[in-house]
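In what follows, a single structure is set out as structure tokens and then discussed.
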Amino acid sequence: MDTKVVRIDEQHMDDSLIWEAGQIIRDGGLVAFPTETVYGLGGDALNPASSKKIYEAKGRPSDNPLIVHIARMEALSAIVKKIPDTAKKLAEAFWPGPLTMILEKSDVVPGETTGGLDTVAVRMPSDPVAVSFIEAAGGYVAAPSANRSGRPSPTKAEYVAQDLGGRIEMILDGGDATLGLESTIVDLTVDPPEILRPGFVTGEMLRRVLGQVEEDETLFRVDSGQAPKAPGMKYRHYAPKGELTIVRGPSDAVAAYINGRLSEGRRENRKTGVIASDETVEGYRADVPRSVGKRNDAAAVAKGLYRILREFDDEDVELIYSESFDGAGVSQAVMNRLLKAAGHKVIDV
Ligand code: AMP
Ligand code: MG
């Protein structure tokens, strides 16, 4: 299949292109599209055949549920059993935006879209291209991140083309994703509500609106020994091809440790990479040293992480060491993804 890539300027959106993309979805095809978090691989959420195609194109296990994207609040009532007050309050506070809510699904949502669950994940993105596209597509677009399973989520159209070129009908290129990390997921079918995936909408922000909100222990702990609760969370997502280890401790000790390991790697003829910050990157003797930006700018770290992981893959880096980016708020989302990419391999120095 030829994948048509079309550039969309969000200031001057070409309605006929958006309409063409929507028509592909209504005809049961697949279109990758930009959102403020990462690029999504969209299909008709209410068409079981479309969801099957999404799993095939991604190479993703079909028990890993998809997020249904809507463009307006009125669309919600058709796909859920009821809209609890908690959902109304969160929608008011954070939609459109990087928050996904888990709710009881109605009968119109096929099990193929929800990985066989009775619940459905719903998000209303803020990206204007995403909004127009969802409307043109009929209002309900199921979309996981637009990467091949096991690769980092794509933050630009070029990365979508690398992973899915030839496998889907169209890619809408809206430039770089503004945030660069997937949405926060909160489960509203349990009391108190529970965060299943951390993101830009933090636990503290949710608590300000809802009062009590739990966080799944397994999201941040290196060795909690429990299986994660969100279905998709058991899979080793976001993994670079190289072996990634996070090194935690005072920055001098971290640099000394990592440089020691890098020398060893070089002696073994392994190509090396480092994930560091603007403040520290020059102190590393790696083949591919990369800075995520300023150490205390969690949003910059979030935005740069997946790009760097992909660059390591493109350069066939075999041995990767990363500094740790612990902290409150968005840093928790960053560390959650970094820990997964590292298969939870952390060394304290
Ligand atoms: P992605 O689309 O790649 O950002 O991943 C979507 C993730 O949302 C899945 O891997 C699940 O972890 C989560 N998810 C989607 N639907 C549900 C649901 N009904 N219940 C719990 N988690 C869900
Ligand atoms: Mg994903």
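Numbers here are sequence positions counted from 1. Each ligand, and each atom within it, is numbered from 1 in the order the structure gives.
- Note on Ile275: it clusters hydrophobically with Val334, by side-chain heavy-atom contacts below 4.5 Å among ILVMFWY residues.
- At a 4.0 Å heavy-atom cut-off, ligand 1 touches Leu196 through the side chain alone.
- Both the backbone and the side chain of Thr119 come within contact range of ligand 1, each with a heavy atom under 4.0 Å.
- At a 3.5 angstrom cut-off on N or O pairs, Ser145 counts as close to ligand 1.
- Listed by atom number, the atoms of ligand 1 under 4.0 Å from Ala121 heavy atoms are 15 (C), 16 (N), 17 (C).
- Of the candidates Arg60, His69, Glu194, the one placing a heavy atom closest to atom 3 (O) of ligand 1 is Arg60.
- Both Met124 and Leu103 belong to a common hydrophobic cluster when Ile, Leu, Val, Met, Phe, Trp and Tyr are linked at side-chain heavy-atom distances under 4.5 angstrom.
- Both cation-pi conditions hold for Lys156 and Tyr159: the charged atom is under 6.0 angstrom from the six-membered ring centre and inside a 45 degree cone around its axis.
- At least one N/O-N/O distance between Asn64 and ligand 1 falls below 3.5 Å.
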Could you walk me through whether Glu323 and Arg248 satisfy the salt bridge (Lys or Arg N to Asp or Glu O under 4.0 Å) test, starting with their C-alpha distance in whole Å, then the side-chain angles of each, then the deciding distance to 0.1 Å, before giving a yes or no?
CA-CA 6 Å; Glu323 293 179 354; Arg248 212 160 42 181; over 6 Å; no
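- Salt bridge annotation for Glu243-Lys345: present, with a cationic side-chain nitrogen under 4.0 angstrom from a carboxylate oxygen.
- Placement of Ile246 and Val301 within a single hydrophobic cluster is found when ILVMFWY residues are connected by side-chain heavy-atom separations under 4.5 Å, directly or transitively.
- A cation-pi arrangement is absent between Arg310 and Tyr306 under the rule of less than 6.0 angstrom and at most 45 degrees off the ring axis.
- Those atoms of ligand 1 that come under 4.0 Å of a heavy atom in Pro65, given as number and element, are 6 (C), 9 (C), 14 (N), 15 (C), 16 (N), 17 (C), 23 (C).
- Residue Leu117 approaches ligand 1 through these ligand atoms, each under 4.0 Å from one of its heavy atoms: 18 (C), 19 (N), 20 (N).
- Contact annotation: Lys105 has no heavy atom less than 4.0 Å from any atom of ligand 1.
- The heavy atom nearest to atom 7 (C) of ligand 1, out of those in Ile185, Leu41, Thr37, is found in Ile185.
- In summary, the atoms of ligand 1 found under 4.0 Å from a heavy atom of Arg197, numbered by their order in the structure, are 1 (P), 4 (O), 5 (O).
- With a heavy-atom cut-off of 4.0 Å, Met101 does not touch ligand 1 at all.
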Step by step, work out the salt bridge (Lys or Arg N to Asp or Glu O under 4.0 Å) result for Glu315 and Lys271.
CA-CA 9 Å; Glu315 304 228 18; Lys271 194 165 182 183; 3.7 Å; yes
